[in-house]
There are 4 protein chains.
Amino acid sequence: MGLENYRRSVSDAKCAAILKAGRDNFLRDGYSRAAVAEIARDADVSTATLYKHFTSKEELFAAVVKDAYLVGEYEGIPENVSVEDLLVNVILRYLHSQYERQINALLRIVIAEVPSAPQLGRDMFENFVTTRYRDLASILDRLVARGLLKQQDTQYAVRLLGGIVKEYFVWPALFEANKTLPADTEAIVRQAVRDYVLLYGA
Amino acid sequence: MGLENYRRSVSDAKCAAILKAGRDNFLRDGYSRAAVAEIARDADVSTATLYKHFTSKEELFAAVVKDAYLVGEYEGIPENVSVEDLLVNVILRYLHSQYERQINALLRIVIAEVPSAPQLGRDMFENFVTTRYRDLASILDRLVARGLLKQQDTQYAVRLLGGIVKEYFVWPALFEANKTLPADTEAIVRQAVRDYVLLYGA
Amino acid sequence: MGLENYRRSVSDAKCAAILKAGRDNFLRDGYSRAAVAEIARDADVSTATLYKHFTSKEELFAAVVKDAYLVGEYEGIPENVSVEDLLVNVILRYLHSQYERQINALLRIVIAEVPSAPQLGRDMFENFVTTRYRDLASILDRLVARGLLKQQDTQYAVRLLGGIVKEYFVWPALFEANKTLPADTEAIVRQAVRDYVLLYGA
Amino acid sequence: MGLENYRRSVSDAKCAAILKAGRDNFLRDGYSRAAVAEIARDADVSTATLYKHFTSKEELFAAVVKDAYLVGEYEGIPENVSVEDLLVNVILRYLHSQYERQINALLRIVIAEVPSAPQLGRDMFENFVTTRYRDLASILDRLVARGLLKQQDTQYAVRLLGGIVKEYFVWPALFEANKTLPADTEAIVRQAVRDYVLLYGA
DNA sequence: CATGAATGAGTATTCATTCAT
DNA sequence: AATGAATGAATACTCATTCAT
């Protein structure tokens, strides 16, 4: 079994190297301009090896995107904080993760490929929008249950919050490469949360 | 001058034909996949003529994008309507214009090209986001002046409204080709405006 | 019209050069091994130009094959010769044409591609077998009409003659590259014709 | 010796599996398009093992072809039948063997490879043409010796028969994949033999 | 002895751009 | 001024063969 394990580990390492090189290249050049040969070269692998692991450029890109989903987030909700602080905290964690992992740049490319790879668009929407909204809605539901927020349509409430957050932090990042979170991020988030609490707070 | 005028008008007609063919091709195939030769063919022009008018594919695309800015919108603000109705009306006009002119599909392509054509991204952001927000803010300012809305930071108010509208009507359209405005568009817009008026109404 | 004519003549010349280079390469290397890039280079043309003229390697090959059909043959039948001499003469003309134009080598390649390009096989069979047999049958029919041959099934008679001729002169050429007509060709053909006349002569 | 025998038998089995898989692949895809990796997979062997048995794709193909020679044919000549029936019988056995064993498809591939593998062409010609003709000639010789046929050049006679048989049953099969023996095969063979007997019968 | 991962050289085809006419 | 033929560089993908384990 030593041989098999050895092979698997080598293979996994190459696969990871390809994914990383692919990610870098796609982020830098976009999907169409990124060259499979260069990705292979950057990963210190022959193109043929790359094609052993991923049967096409498209599949490699899909794998790169899927790879971005994998990081788990915000398990517990801390007690003893105000509703406002809690929501600000949750949203800031979203945002930092989004920026650190360069999800915005990835979004750009996926959006560009929506007409030719619709499934990829749907998947990414599901994973980066719908799922997060589900998580946030469940938090709001619990706060409602605890009497800390009014009865409300949490589906809509989530989108209200999400809308203003995207407005400030995602939308501009789509139109400018290498955007970083602005200095007044927390202030803006806090303002948005405050409005929300004004409307829907207990 | 007759000959010169004739020549100019022919030239302008060709230019318009190229822009239209370019628009169609870019919208259908995206930037990279769209072929200059096909655009020229669709415009009934030789490739050389196309290159006389636009020095590169990139410039042609930029011109196509700029062309989309040109359509004027919502001149007058009707009097004698409630603040709510007025805002709903204005927003719906934005949305219909956005969908009818396929701005979402164009946005997709511009977004994709942001890393390689940053100026284009900035321009489009300026023209489709900032400008509109300025218009809307001036409307809000006037409403504040008339005492129909509270004193407020209209810059922020506009983005609150814009965020929720994009959340529902632009964001999903980026991730799905050929999306049309949903049937309950007006209801959603009205709900958003109602929330806004609750917070900032006089 | 000078420009147009000039362009056409240049274009035709290039087309001919490509066909010739294609023919040479296919004959030397077979279909699969022949490289489009090398054909283009031999024809002093870029690959893109080659693809303007022929939309694919397969189409180029088909054109090369079709080109081989184009040479017209044996219009008149001389009078005042014996039936035997006449037939020997006709058959020898077939054979020389077949060898000079390297039809055998072309046949080899077409045969190889029959599973993947069945239409090409059918076309070549039609043009190099069926058509010739029709010509020869019409000759035999006229000889029968003149009373120089017995009443007979000329369809079958033609295939009897064709079979023996292929047996000696085509079949071996399929299995050996650059085969030339053997020295005793005429003697063998004469023997075959003699047998035929023994069976079917008046 | 038990272990050695076991090993040899395993090795032989693998070799046979490779040959069979090779045959199937070459027949299906032709020489160039057939992929060594797929042959190995079909044979349940690693590519390295395949290369242990056959040092190159070309050699494997040669072995596949040689394998087709190995089936023995028509040992005894029945007595007490007419010359005509005897010859018809012999020829039909040739033909059925040729079609059942897909020799025509194999011929196609060998013919295609003649320029690059001339020896293979010569071998196949020797084994599928010359050898058979020798067998048939020896039968004719015996018939002449028994006084059932005239004195004759049996070399030539054999090719007369062979020519007409190929004309009807091999030649068309080269130009059409998956051809089967036509329904009137026996009638045609009988007609050919009858002509031959007319010419050369006692 | 057997493996299968890895390779490098090669393939057909495309496209933005130029230039002789 | 307008053409459209021509190009050269690039691209995704394949495959016979080898070699470390």
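Numbered from 1 within each chain, the chains take letters A, B, ... in sequence-line order.
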Q: Ignoring backbone atoms, test whether B/Ser46 places a side-chain nitrogen or oxygen under 4.0 Å from the OP1 or OP2 oxygen of F/dT3.
A: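 Checking B/Ser46 against F/dT3: at least one side-chain N or O falls below 4.0 Å of OP1 or OP2.
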Q: Suppose we screen for side-chain hydrogen bond (donor to acceptor under 3.5 Å, both in side chains). Which residues come up paired with B/Lys20, at least two apart in sequence or across chains?
A: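 For B/Lys20, the residues satisfying side-chain hydrogen bond (donor to acceptor under 3.5 Å, both in side chains) (neighbours in sequence not counted) are B/Asp24.
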Q: Within the 4.0 Å heavy-atom criterion, would you say C/Lys52 contacts the bases, only the backbone, or no part of the nucleic acid?
A: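 Answer is base: heavy atoms of C/Lys52 come under 4.0 Å of a base.
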Q: Can you list every ring-ring contact (aromatic ring centres under 6.0 Å, His included) pair that touches residues 102-122 of chain A, not counting sequence neighbours?
A: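 Listed by first then second residue: nothing to list.
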Q: If you take atom types as modelled and just measure distance, does the side chain of D/Thr47 reach the base of E/dA6 with a donor-acceptor pair under 3.5 Å?
A: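 Not at all, since no donor on one side and acceptor on the other fall under 3.5 Å apart.
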Q: What parts of residues 15-42 of chain B reach DNA chain F, counting only heavy atoms under 4.0 Å away?
A: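 Within residues 15-42 of chain B, no residue comes under 4.0 Å of DNA chain F.
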Q: Kindly indicate whether the side chain of B/Met124, heavy atoms from C-beta on, has any atom under 4.5 Å from the side chain of B/Val65.
A: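 They are in contact (side-chain heavy atoms under 4.5 Å apart), so the answer is yes.
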Q: What distance do C/Asn104 atom CG and C/Leu27 atom CG have between them, rounded to the nearest 0.5 Å?
A: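 It comes to 10.5 Å.
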Q: Under 3.5 Å, which donor-acceptor pairs do the side chains of residues 29-37 of chain B form with other protein atoms, sequence neighbours left out?
A:
from, atom 1, to, atom 2, distance (Å)
B/Tyr31, OH, B/Glu58, N, 3.2
B/Arg33, NH2, A/Glu113, OE1, 2.8
B/Arg33, NH2, A/Ser116, OG, 2.6

Q: Who are the ring-ring contact (aromatic ring centres under 6.0 Å, His included) partners of C/Phe54, not counting sequence neighbours?
A: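 By the ring-ring contact (aromatic ring centres under 6.0 Å, His included) rule, C/Phe54 matches no residue at all.
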Q: Check DNA chain E for consecutive Watson-Crick or G-U pairs with both distances under 3.5 Å and list the runs of at least three as stems.
A: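 If one scans DNA chain E for consecutive Watson-Crick or G-U pairs, the stems found are E:2-21 with F:2-21.
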Q: Report which part of the nucleic acid B/His53 touches: base, sugar-phosphate, or nothing (heavy-atom distance under 4.0 Å, all strands).
A: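 Contact class for B/His53: none.
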